Visitor: 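Structure provided below as structure tokens; questions to follow.
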Amino acid sequence: MTERAQLLPGTLDLLILKAVSLGPLHGYGVLLRIGQISGQALLIEQGALYPALFRLVRQGLLRASWGTSDNNRRAKFYELTTAGRKRLREETAGWNRLAAAIAAALAADPEEA
Amino acid sequence: MKLFHRADVDNEMEQELRSHIEHRADDLERSGLSRAEAERRARIECGGRERFKEECREARGRLFGARMATLALGVLGAIGAMLSVTGIFGMAAYSVSKRLKELGIRIALGARRKEVLAAALGRALRLLALGSAAGLILGVLATCVLASIVYQATPRDPLVMMGAVLVMLALGLLATWVPAQRALSADPLMLLREE
């Protein structure tokens with residue numbers, strides 16, 4: 001079993017945008033996709049997912065439409081809007097800067113300080 | 001109106017959750033559970049559904065005050081419109097009935113429809129125009145205040161202004177329609193016989 005990582009506040013939206021950017025998904029599909037692309041290290045709670053999706057649609061970052069899933073069931077599919085794509089790029093860049101900065105800070109040797 | 005939107009949103013959320021549970025149950029079923037057991041498990045996992053709905057409601061709740069204000073103002077506006085229609089109707093009907101004889105004589109003397117209407121409703125229409133102008137100016141002032149309350153309202157929205165003017169015109173026409181018909185159908189012979 002892979003070790004679970006704790007989700008930082010604010011990162012759920014970014015993960016959802018990323019998951020959806022790989023192709024339109026329904027809510028359950030977003031959960032699976034995030035689990036899959038994070039090597040099962042990140043498991044999103046369903047109770048947090050839908051409010052986040054709702055919020056992202058309201059912000060105009062995602063577009064939702066009803067369709068039929070692979071299982072032949074009705075499902076609400078989400079896809080990125082242009083604004084969503086832009087936000088994903090910005091947030092990804094921001095996250096990479098933050099991660100690099102924190103990694104650099106944590107790797108500092110006593111001599112350099 | 002966005003207010004009636006709420007039931008739709010709740011309904012859609014319910015459907016989306018049902019879809020989620022079905023998909024989860026499909027996966028569980030594929031892992032070897034019976035359909036009934038898979039659905040039961042999927043539902044239990046979704047125990048947070050009420051919480052989910054609550055959180056979504058909360059997100060919408062931030063607009064609640066503005067929505068209520070809009071509704072209250074809408075009701076007040078509707079009452080105002082009703083009052084103005086009855087008022088205009090009453091005044092126009094009164095002025096027509098008071099001058100019915102005069103109008104009959106004018107028709108007998110060969111007045112055209114336009115002239116009869118001007119004589120019967122001229123005053124009503126003048127008052128209507130005056131009131132509308134005053135209302136429009138006050139309305140623009142009031143929107144400045146409203147813009148701070150109502151969601152996404154701007155003080156000078158041309159569409160809203162046009163709408164207000166058109167609605168006022170429509171209400172005025174509606175209210176003067178019946179009296180105008182009566183004025184036009186004034187029959188000089190009948191009126192003379194009544195003497």
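Please read all numbers here as calculations on a predicted model, not as lab measurements.
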Visitor: Would a 4.5 Å heavy-atom cut-off, applied to side chains only, mark R30(B) and N71(A) as touching?
Guide: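 Of all side-chain heavy-atom pairs linking N71(A) with R30(B), at least one is under 4.5 Å.
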Visitor: Flag yes if more than 12 heavy atoms outside D70(A) fall under 6.0 Å of its CG atom; otherwise flag no.
Guide: no
Visitor: So if you build clusters from Ile, Leu, Val, Met, Phe, Trp, Tyr with side-chain heavy-atom gaps below 4.5 Å, do W95(A) and L12(A) land together?
Guide: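 In one cluster: yes.
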Visitor: List the steps and the verdict of side-chain contact (heavy atoms from CB on, under 4.5 Å) for R73(A) and S19(B).
Guide: CA-CA 7 Å; R73(A) 295 192 185 284; S19(B) 160; 5.7 Å; no
Visitor: Applying the 4.5 Å side-chain criterion to the ILVMFWY set and letting contacts propagate, would L121(B) and L184(B) be lumped into a single cluster?
Guide: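 In one cluster: yes.
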Visitor: Under a 3.5 Å cutoff, is there a donor and acceptor pairing between the side chains of W66(A) and Q15(B)?
Guide: no
Visitor: Identify whether the distance between the nearest side-chain nitrogen and carboxylate oxygen of R74(A) and E22(B) falls below 4.0 Å.
Guide: no
Visitor: Any link between W177(B) and L83(B) through a network of hydrophobic side chains (Ile, Leu, Val, Met, Phe, Trp, Tyr) touching at under 4.5 Å?
Guide: no
Visitor: State yes or no: do L32(A) and L49(A) share one hydrophobic cluster built from I, L, V, M, F, W and Y residues joined by side-chain heavy-atom distances below 4.5 Å, directly or via other members?
Guide: yes
Visitor: Test Y28(A) against D27(B) for side-chain contact (heavy atoms from CB on, under 4.5 Å), laying out the working first.
Guide: CA-CA 11 Å; Y28(A) 183 59; D27(B) 275 5; 2.9 Å; yes
Visitor: Could you go through the side-chain contact (heavy atoms from CB on, under 4.5 Å) check for H20(B) and L31(A) one step at a time?
Guide: CA-CA 10 Å; H20(B) 177 103; L31(A) 290 190; 3.6 Å; yes
Visitor: Side-chain heavy atoms nearer than 4.5 Å, only ILVMFWY residues, links allowed to pass through others: does that put L17(A) and L15(A) together?
Guide: yes
Visitor: How many angstroms lie between NE2 in H26(A) and CD in E16(B), if you round to the nearest 0.5 Å?
Guide: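 Atom-to-atom, H26(A):NE2 and E16(B):CD are 10.5 Å apart.
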Visitor: side-chain contact (heavy atoms from CB on, under 4.5 Å) for M13(B) and Y50(A)? Distances and angles first, verdict last.
Guide: CA-CA 9 Å; M13(B) 259 187 252; Y50(A) 286 97; over 6 Å; no
Visitor: If you count heavy-atom pairs under 4.5 Å between each of A75(A), G29(A), A64(A) and chain B, which one has the most?
Guide: A75(A)
Visitor: Would the number of heavy atoms belonging to other residues, nucleotides or ligands and lying under 6.0 Å from CZ of R113(B) be above 12?
Guide: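 No, the 6.0 Å shell around CZ holds no more than 12 heavy atoms from other groups.
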